[in-house]
A.B. asks: 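I have a structure I would like to understand better, so I am pasting it below and will then ask my questions one at a time.
Remember, predicted model here, so these are calculated numbers, not experimental data. Every chain is numbered from 1, with letters handed out A, B, ... down the list of sequences.
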Number of protein chains: 2
Amino acid sequence: MALHPFKISTWNINSVRLRAPNVQQFLKAEAPDVLCLQEIKCQTGEFPAKAFNEVGYTHHQVLGQGGGHHGVAIVSRHPIETLEPQPLCREGHARVQAARIEGFEIHNIYLPAGGDVPDPDENDKFAHKLDFLASMARDYSALASDASPRILVGDLNVAPHENDVWSHKQLLKIVSHTPAETEALEKAREAGGFFDIARELHDDGQKLYTWWSYRAKDWAASNRGRRLDHIWANDAAMGLADLDSYSIHLAWRGGWKPSDHAPVSSSFQRP
Amino acid sequence: MALHPFKISTWNINSVRLRAPNVQQFLKAEAPDVLCLQEIKCQTGEFPAKAFNEVGYTHHQVLGQGGGHHGVAIVSRHPIETLEPQPLCREGHARVQAARIEGFEIHNIYLPAGGDVPDPDENDKFAHKLDFLASMARDYSALASDASPRILVGDLNVAPHENDVWSHKQLLKIVSHTPAETEALEKAREAGGFFDIARELHDDGQKLYTWWSYRAKDWAASNRGRRLDHIWANDAAMGLADLDSYSIHLAWRGGWKPSDHAPVSSSFQRP
DNA sequence: GCCTTGGCCG
DNA sequence: CGGCCAAGGC
């Protein structure tokens, strides 16, 4: 591994204003080069920029939304070159952004959760999710021929493998783990020429979770998690990946007013 | 003054569940025999009894209400004998309770705030407030012949004197200080044979406030207060009063998540 | 469960 | 400004 790897983290923060202290502490502790946030739940102008500046993350690319919904942001210790994001969201939600940082193309995605009923005819939100996944396959396959190092991260709201959920059997009809979703996600990943960093490191028999419901009495004891948060790398980035650096930062699911998602990180050699 | 005076405090707590820590600290610091609370904003069954038990206030008389409105409670280090309250509130709100503790009749009242427009024909809430005040005069005059020591406390939502508000002139048409209210309150007090402890101690030229709006940028600096919280004593209780003990506990208007009201206390010799 | 918003109230 | 509630979302 090079002396100065490029470390990227992704975290569904479930309100960045409420959890600015958590994020500050996380950045101090893990010191990634770049942090991609989802569900910031604020307007662009309400982003707590100061909290990030204070700890050295002075470059911000914020895509906020009103109504307390969605919203994504990239914060970085290095300058950010804004890229045109893929037009994945037919609803115009603040869910997708792209940037170039330190020679890496970074794509940050908050994929629609999809509601409760896994039927696109009955549930518009599920239809939107499948539509978003189909767009991903289309848009990223168009990009795949451009072989610059590309990392896609975010809360994709799909747990693709059997061991990405606490019970494959019990979740097969639960949105996030239905075959329609897991197959569409795998198809999108492959169409974009991406590798799933977590599963490149860990074999498929290994349980991996990044999200635990708030509703559990004791999330850690019952450990009914799902792996909804992902780091994908294309060929060029995969060649630079330090697989062993992949980490799900469990500690941040606990502590003071935690998000229901843990942050996830991985490091790469610089291109 | 006797060695073991009877100390009573009153505090509009604006949610007793949220501010259970504040109340605990107050009780530890001021150690009254009895604390009367208003705006507990919880149902009777949701009252945080444990917080009071922990600091020695094991006797509770709680009159809660749903919908997050009103609610009054008496907590005491001594046994409480429940008395029938006066039927002052035509709306059936949880606003009035009465008890006997250590030989004192205690009446705890949360008087209707009265809305914004000081006109009973336009504003039902103001009409209700005037109606409540008229009921007080009627009901307590009926009680006045019973000369047992009687103390009436609570958030009466009226600042009767010129120096019970930061600007008499500017508040004459503001609900809480209109002549209709201040005259009705004085009439109720006199009809019940009560003395206003604060004004028995302090002359009318002295500004006295117990409430400061949350809306002020700096409540202490601007000091635009009103005296809405009162301790009244009938003849028998007045004869036992230690006037010098009267205190508005300003410190509790500040600190961690304060109520917009400060607690008020006074001590009496035991009957 | 834990966020958001927006309304009612003071 | 800051309690409460009721929805809507995940």
A.B. asks: Mind checking what makes side chain to side chain contact (heavy atoms under 4.5 Å, CB included) contact with A/H249, not counting sequence neighbours?
C.D. replies: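 A/H249 satisfies side chain to side chain contact (heavy atoms under 4.5 Å, CB included) with A/F26, A/E30, A/S247, A/W252, A/P263, A/S265 only.
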
A.B. asks: Does A/S15 make a side-chain N or O approach to OP1 or OP2 of C/dC3 shorter than 4.0 Å?
C.D. replies: no

A.B. asks: B/K257 has an atom NZ; how far is it from atom P of D/dG2, in whole Å?
C.D. replies: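 From B/K257 NZ to D/dG2 P: 9 Å.
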
A.B. asks: Quick one: do A/F52 and A/V16 satisfy side chain to side chain contact (heavy atoms under 4.5 Å, CB included)? Show the steps, please.
C.D. replies: CA-CA 11 Å; A/F52 294 92; A/V16 72; 3.9 Å; yes

A.B. asks: What is the distance from NZ of A/K129 to C1' of D/dG9, rounded to the nearest Å?
C.D. replies: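 Atom NZ in A/K129 sits about 13 Å away from atom C1' in D/dG9.
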
A.B. asks: Do the non-hydrogen side-chain atoms of B/T10 and B/H230 ever get within less than 4.5 Å of each other?
C.D. replies: no

A.B. asks: Got A/L88 and A/Y140 here, is their nearest side-chain heavy-atom distance under 4.5 Å?
C.D. replies: yes

A.B. asks: Contact class for B/R226 (heavy atom, under 4.0 Å): base, sugar-phosphate, or nothing?
C.D. replies: nothing

A.B. asks: Could you state the atom-to-atom distance from NZ of A/K217 to P of C/dC2 in whole Å?
C.D. replies: 12 Å

A.B. asks: Atom CZ of A/R253 to atom C1' of C/dC2: distance rounded to whole Å?
C.D. replies: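 That distance rounds to 10 Å.
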
A.B. asks: Would you give a per-nucleotide map of nucleotides 5-10 of chain C, 5' to 3', where B means the base has a protein non-hydrogen atom under 4.0 Å away, S means only the sugar-phosphate does, and - means neither?
C.D. replies: S---SB

A.B. asks: Measure CG/A/N22 against C1'/C/dC3 and give the value in whole Å, please.
C.D. replies: 13 Å

A.B. asks: Rounded to whole angstrom units, what separation is found between the CZ atom of A/R19 and the C1' atom of C/dG1?
C.D. replies: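 A/R19 atom CZ is separated from C/dG1 atom C1' by 11 Å.
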
A.B. asks: Between B/K50 and B/E54, does any NZ, NE, NH1 or NH2 come within less than 4.0 Å of an OD or OE carboxylate oxygen?
C.D. replies: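 Yes, B/E54 and B/K50 are salt-bridged.
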
A.B. asks: Show the atom names and distances, to 0.1 Å, of all donor-acceptor pairs under 3.5 Å that link a side chain in residues 172-179 of chain A to residues at least two apart or in another chain.
C.D. replies:
| residue | atom | partner | partner atom | Å |
| --- | --- | --- | --- | --- |
| A/S176 | OG | A/R226 | NH1 | 3.0 |
| A/H177 | ND1 | A/A159 | O | 2.7 |
| A/H177 | NE2 | A/H168 | ND1 | 2.7 |
| A/T178 | OG1 | A/E181 | N | 3.4 |
| A/T178 | OG1 | A/E181 | OE2 | 2.5 |

A.B. asks: Provide, to the nearest angstrom, the distance between the CD1 atom belonging to A/I40 and the P atom belonging to D/dC10.
C.D. replies: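 Distance, rounded to whole Å: 16 Å.
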
A.B. asks: Distance check needed: D/dC1 P versus B/D218 CG, whole Å only.
C.D. replies: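 Nearest whole value for this atom pair: 13 Å.
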
